[in-house]
Amino acid sequence: MAKPKVIGVLTGGGDCPGLNAVIRAVSKTAINVYKMKVVGYLDGFDGLIENRWIPLDYDTVSGILTQGGTVLGTSNKANPFNHPVKRGGKTVYKDMSDRAIQNLRKVGASVLVCIGGDGTMRIADELADKGMPVVGVPKTIDNDLPGTDVTFGFDSAVCTAAEAIDKLHSTAQSHHRVMVVETMGRYAGWLALYSGLAGGGDVILIPEIPYSLDAICKTVLKRSRSGRRFSIVVVAEGAKPAGGDLTVKQVIDDSPDPIRLGGVGNLLGQQIEERTGIETRVTVLGHLQRGGTPTPYDRILASRYGEGAARLAAEGMSGLMVNMRGNDIGSIPIKEVAGSCRNVPPNSPIVRTARALGLCFGDEVKTKNQILAGTF
Ligand code: F6P
């Protein structure tokens, strides 16, 4: 494959802190090291389909390292294989992938860097199968992409959620209340687990460990009787009761990932108050977790991912996603990543740590031997 002279870049899916840091790193590396040009497509794959792009020169990307969101705009609906088109007053969905590939060629780009989560990687993989060279960069506050130890955006979201839990602690204590905090995270519990542990939560409920209301209320009442008259319950939006269902907030039909979770916090808050008689309040952190400036950790991770992606693109590689293993930046075939979810292993060392500290996961209390053996 001929060495590329132009790199295309886009951000896909939900935004998160660190996207601009990746855009900046891809562009600066391409310009400084490989003497290449970079174009940025606007609003995710929509910009590629509609040929809307801006040049990403040195001046454009200077000063964006610390900015939240994405200067390119993004979309969690855009999909070149299923693009809405108006026909006689009706919306029909068309495969525009050939148009997308032509548009990339039109600007002289021979590779597209796709910064996104599993939906974006799925589309990137399909485009690669059609012969369009792509390089992926793993983004999401959910940290649920397989093939990498960590996605950028996760650390920033954990910081936001942990800070909120810290603040809820003092008011919970003053009023002797139960505070339920609902985090995002989709079908994985990483965000609830890390922010709950960092924020000193008392109960952490994650999708990977179905909960029992009895176990939660037992913990809350035990704390209350022993003089700790408040409790913090951190619940992932994807948590569900044993034998029960996910709480779905909305179904967005034209999104590649139509289910929007949410509402389990309110449900639980009501149940806990009814069952324990302790006044309970609910805070849903929502999109706050996706906003704001990236943490220093995410700025560095995003910069490393961006440099790695530009290197792969300059070397004419395709079908790879940059990843992090230990402290090393490497890459993995996008095909191995696309369409799957990385969950919290219920017996992982971090769950063991939390259990050893007395945290309740909403399941039956584990014995010391179970905790030591990791049999939960
Ligand atoms: O994947 C990131 C994420 O913020 C999830 O944690 C959440 O479930 C979803 O996106 C929310 O999507 P939307 O922005 O469409 O409400």
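Counting convention: from 1, in listed order, for ligands and their atoms alike.
Counting heavy atoms of neighbouring residues, nucleotides and ligands inside a 6.0 Å radius, atom CZ of Arg229 does not exceed 12 of them. Environment of NZ in Lys130: crowded, with over 12 heavy atoms of neighbouring residues, nucleotides or ligands closer than 6.0 Å. Counting heavy atoms of neighbouring residues, nucleotides and ligands inside a 6.0 Å radius, atom CZ of Arg99 does not exceed 12 of them.
Within 4.0 Å of ligand 1, contacts by protein heavy atoms are made from Asn76, Ile141, Asp142, Met184, Gly185, Arg186, Glu237, Arg260, His287, Arg290.
Identified under the ring pair (Phe, Tyr, Trp, His ring centres under 6.0 Å) test for residues 304-358, with sequence neighbours left out: none.
Glu307 meets the salt bridge (Lys or Arg N to Asp or Glu O under 4.0 Å) test with Arg311; sequence neighbours excluded. Remark: Lys86 engages Thr91 in a side chain to side chain donor-acceptor pair (under 3.5 Å) (not counting sequence neighbours).
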